[in-house]
Amino acid sequence: MLKLNRSLRPALVFLRSTPAQPHVLFSTGSQQEHKTFYEFRTYCICPDQNAAFLKLTNEKIHLRTAHSELIGYWSVEYGGLNKVFHIWKYDSYSQRAAVRAALSQDPFWISEYISKAIPMLTSQDNEVTYLVPWSRLQRPPHDGGVFELISYQMRPGGPAVWGKDFQAAITSHDAPGYGKLLGAFHSEFGPLNRVHTLWWFQSADHRAGIRHTAHTDARVVAAVRRSVVHLDSQRNQLMFPCPFSPMK
């Protein structure tokens with residue numbers, strides 16, 4: 001038994017001297033610091049009901065905004081037909097649950113909007129997102145203009161793998177002479193490893209001119225090339241703000 005204990009001693013010393021592996025090494029990115037999240041909602045509308053849906057929403061949206069904060073509401077012009085996209089802000093999941101419960105008991109919301117709007121839709125989709133740590137929600141320089149939502153499906157691995165390259169590529173476009181970045185968001189519920197950027201441009205032609213300039217800007221091209229190796233796919237939509245949208 002004594003010989004056995006002596007033979008185990010070097011192994012025990014090795015185990016004691018091996019530093020504990022911090023749990024942070026298994027993380028794929030920084031932890032979410034704020035409870036505030038943004039719910040992205042996309043509704044697809046029956047083609048023959050598009051105008052009627054927008055009119056109804058314009059007249060009755062106050063019944064919905066009485067319960068929680070609407071950031072923006074847009075009609076998709078390019079990159080999808082008969083679609084609307086809207087962003088809602090919540091301070092916590094419990095707040096959102098309370099809002100949904102209150103809406104289900106609001107007779108005016110149900111009778112004057114939901115009962116009329118739902119038959120006009122072909123589908124609804126939602127996604128919970130947070131602002132990435134280096135982004136803050138901005139407002140456009142002034143009302144008017146167009147908005148672009150770009151959705152990036154990144155390869156698995158999380159921000160620890162592609163975060164710095166992605167940030168460099170996005171911020172290279174957020175500079176004088178380019179578009180205005182209003183926010184960069186990462187998904188929490190919905191497709192994972194997805195990041196969205198919301199941009200503002202003076203017009204669709206302004207946006208087209210900026211794209212042409214970016215393709216000849218060595219600084220932007222280099223940043224994009226470093227980031228694109230982490231990318232599986234991307235999709236963009238050019239959107240016009242609805243009259244009742246707070247962000248327009």
Side-chain angles (χ1 to χ4, degrees), residues 24-25 27-34 38 40 42 71-72 74-80 83 85 87 127 129-188 190-241 247-248:
V24 71
L25 293 180
S27 174
T28 57
S30 57
Q31 298 298 308
Q32 190 65 43
E33 295 180 0
H34 305 288
Y38 299 86
F40 285 12
T42 300
I71 299 299
W74 298 269
S75 177
V76 178
E77 183 70 13
Y78 300 106
K83 294 172 66 175
F85 171 74
I87 302 177
E127 185 175 341
T129 71
Y130 290 93
L131 284 165
V132 300
W134 49 268
S135 177
R136 294 293 178 268
L137 190 63
Q138 308 282 334
R139 294 196 63 83
H142 54 77
D143 288 352
V146 298
F147 296 74
E148 182 177 19
L149 178 71
I150 308 179
S151 301
Y152 303 88
Q153 187 62 50
M154 310 302 290
R155 293 179 180 175
V161 175
W162 44 257
K164 289 183 179 179
D165 289 336
F166 177 81
Q167 180 180 354
I170 298 305
T171 54
S172 69
H173 289 84
D174 186 27
Y178 286 92
K180 174 66 176 176
L181 178 65
L182 303 180
F185 308 81
H186 67 86
S187 64
E188 181 72 12
L192 297 180
N193 298 297
R194 178 179 285 184
V195 192
H196 306 274
T197 54
L198 182 64
W199 299 85
W200 177 89
F201 301 93
Q202 295 176 11
S203 66
D205 287 324
H206 175 229
R207 186 259 182 198
I210 285 174
R211 290 284 292 174
H212 178 75
T213 300
H215 291 161
T216 60
D217 187 328
R219 176 184 59 88
V220 173
V221 170
V224 170
R225 283 179 176 173
R226 288 192 296 269
S227 178
V228 75
V229 298
H230 306 294
L231 182 67
D232 271 341
S233 65
Q234 69 183 70
R235 176 181 176 83
N236 65 332
Q237 299 178 117
L238 200 69
M239 311 179 299
F240 291 160
M247 188 179 285
K248 54 173 165 281

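Here the structure is a predicted model, which is why all the values come from computation and not from measurement.
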Keeping [X] on the side-chain end and [Y] on the backbone end, is there a donor-acceptor pair under 3.5 Å?
X      : Y      : result
Arg235 : Gly79  : yes
Ser135 : Leu131 : no
Glu188 : Glu127 : no
Trp200 : Gly144 : yes
Arg219 : Ser172 : yes

Closest non-hydrogen atom pair, [X] against [Y]:
X      : Y      : result
Ala223 : Ala168 : CB-O, 3.8 Å
Asp174 : Gly179 : OD1-O, 3.8 Å
His173 : Tyr178 : O-CB, 2.8 Å
Phe147 : Met247 : CE2-CG, 3.8 Å
Ser187 : Asn193 : OG-N, 3.9 Å
Val229 : Arg226 : CG2-O, 3.3 Å

Charged N to carboxylate O below 4.0 Å: is that the case for Asp232 and Arg155?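 Yes, this pair counts.
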Step-by-step side chain to side chain contact (heavy atoms under 4.5 Å, CB included) determination, Trp199 to Ile210: CA-CA 12 Å; Trp199 299 85; Ile210 285 174; over 6 Å; no
Reported [atom1]-to-[atom2] distance for the pair [X] and [Y], which is rounded to 0.5 angstrom:
X      : Y      : atom1 : atom2 : answer
His196 : His186 : NE2   : NE2   : 10.5 Å
Trp74  : Lys248 : CH2   : NZ    : 11.0 Å
Tyr38  : Ile71  : OH    : CD1   : 5.5 Å
Gln234 : Met154 : CD    : CE    : 9.5 Å
Ile87  : Thr42  : CD1   : OG1   : 9.5 Å
Leu238 : Phe201 : CG    : CZ    : 8.0 Å

In terms of ring plane angle, is the pair Phe166 and Trp162 parallel, tilted or perpendicular, where the classes change at 30° and 60°? perpendicular
Quick one: do Glu148 and Leu198 satisfy side chain to side chain contact (heavy atoms under 4.5 Å, CB included)? Show the steps, please. CA-CA 6 Å; Glu148 182 177 19; Leu198 182 64; over 6 Å; no
Heavy-atom neighbours of His212 NE2 exceed 12 at 6.0 Å: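 Not more than 12 within 6.0 Å, no.
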Counting C-beta onward and ignoring hydrogens, is there a side-chain heavy-atom pair between Val228 and Tyr152 closer than 4.5 Å? no
